[in-house]
2 protein chains.
Amino acid sequence: MIGDLRLPDPGQLEAYFALTEAVALLQHQVDQQLRAEGGISAVQFELLMTLNGSSTGLTMTQLADGVVYSRSGLTYQAGLLEKAGLVTRGPSPEDERATLVAITPKGREIVGRVLPGHIEVTRKLLYDAVDEADLNRLGRIMSQVRDHIRSEPPRSAGPRRRRRAAGI
Amino acid sequence: MIGDLRLPDPGQLEAYFALTEAVALLQHQVDQQLRAEGGISAVQFELLMTLNGSSTGLTMTQLADGVVYSRSGLTYQAGLLEKAGLVTRGPSPEDERATLVAITPKGREIVGRVLPGHIEVTRKLLYDAVDEADLNRLGRIMSQVRDHIRSEPPRSAGPRRRRRAAGI
DNA sequence: TATTGTTATACTCTATAACTATA
DNA sequence: TATAGTTATAGAGTATAACAATA
C-alpha cells in the first residue's frame, strides 16, 4: 500500500508520537492556567516573557525570532497586548521603519501574577514526571533538535512537487 | 518582584523552552507538508492514521482518546472528513447512541499519498538531528511524561484561586 | 530594490451551552 | 440520571496579499 517506502523503526515512531502528544497535553494545561489567572494566551505570555528580559524594548522582527507566526499574526498579538496596556509600541530611534515594543509596569505585573502558577503547572506535569538526569538529557536533546531545525534552509527552498490535494 | 517563589533551575527551564520551541517548529513544518501534499491538516492526518489502524471503525469517544479537543471540535473535524469522502459515519450496532467512524478507500489513498513526505519531514527534522541512543532516550522520557500527564486528575479537580484577569 | 511593519479580508478552528436520543 | 453525539453560535487566531514608509 505504501510501496517501497522505508518506514521509520518503531523506536523512532514512538519517540515522535510520545513527543507530540505529551507536548500537546502540556501546552493545553499551560494555556488554561494562563487564561484563568492572567487572561492571556500562551503566545501572549511568551511575548511578555521575552520583552520582560529587555530593558529597551525589541523590534517586531526581533520579537518574531523564536516565534513561528507570520508578521501579520505578530502585529495582531502586539495590538491586543497594547490595547490591554501590557506593552507600548513606538518608533525606533535607530531605524525609522522599525517599531519598538516594550513591556509596561502593568505587563510586568501580569507576568508576576501568572508566573507562579505557570511554574507550578510545568513542575507538576513535566519536572515531576522525570528525574533530574533525564531532564538534563531532555534539555540537551531538544536543544539539539531546535538548533538543527533552525539551521535548516527556509521552508520555501525545496520546491516540493505539489500533487492533487483532498481539498478539505 | 516574584516574592519567595522557588524558580525552576536553569536546566529545567532550558528543557521546557527547548521542548516547546522545537516541537512548535516541527509541527509547523509537518502541517505545511500535509496541507501541500494531501490538503489535510495535522489533526485530520492524526484522525485518519488512527482510523487506518482499525478495520471496523471507531466511535467518536474512542477517536477522542489521544486527542485534546472538545467533543464539538471532533464532530466538526469528522464532518469535514466525511464531506471530503475520507471517512463514513454511521450508527453503531452495539450502542445506538454511538457513531461509528470508518476510513474509506479514498481516505486510505490520502494517507498513502502524504505518508512518505511526512516521514521525510520528520526524518529530516527530528531523526537526523539526534543519534539512535538519544532518540531512544527521548522516546522513553516523553512516554513517561505523557503517561504522567494522562494519569493526573482531570483539570477541574483543583479549584484554582481565580484572580482578576487582564481581559485580553 | 529590499526591508519593516500594518491593514483588510477571508477563513479555519475551537469552545460553550443547549439540545436530542439512547443506556 | 448519565452518556454519546450534534448543532448553533460566537470568538480567537492565522495567513495572504496589498499597501505605505524607510534603508
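Below, chain A is the first sequence line, B the second, and so on; all start at residue 1.
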Expressed in angstrom and rounded to an integer, what is the separation of [X] atom [atom1] from [N] atom [atom2]?
{"X": "Gln62(A)", "N": "dT3(C)", "atom1": "CD", "atom2": "P", "value": "16 Å"}
{"X": "Asp65(A)", "N": "dT3(C)", "atom1": "CG", "atom2": "P", "value": "14 Å"}
{"X": "Leu58(B)", "N": "dA4(D)", "atom1": "CG", "atom2": "C1'", "value": "15 Å"}
{"X": "Leu63(B)", "N": "dT6(D)", "atom1": "CG", "atom2": "C1'", "value": "15 Å"}

* Structure fact -> d(Leu26(A) CG, Thr20(B) OG1) to nearest 0.5 Å is 8.0 Å
* Residues forming a side chain to side chain donor-acceptor pair (under 3.5 Å) with Arg71(B), sequence neighbours excluded ->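 Here no residue qualifies.
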* Asked: What pairs with Asp95(A) under side chain to side chain donor-acceptor pair (under 3.5 Å), at least two apart in sequence or on another chain?
  -> Arg97(A)
* Asked: Regarding Glu14(B) and Ser143(A), is there a side-chain donor-to-acceptor distance under 3.5 Å anywhere?
  ->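 Checked: Glu14(B)/Ser143(A) side chains pair up, N/O donor to acceptor below 3.5 Å.
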* Presence of salt bridge, Arg140(B) and Asp134(A), under 4.0 angstrom -> yes
* Under 3.5 Å: donor-acceptor pair, side chain of Gln62(A), backbone of Thr59(A) ->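 A pair under 3.5 Å: yes.
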* In B/S/- notation, 5' to 3', how is nucleotides 10-23 of chain D contacted by protein heavy atoms closer than 4.0 Å? -> --SBBBB-----BS
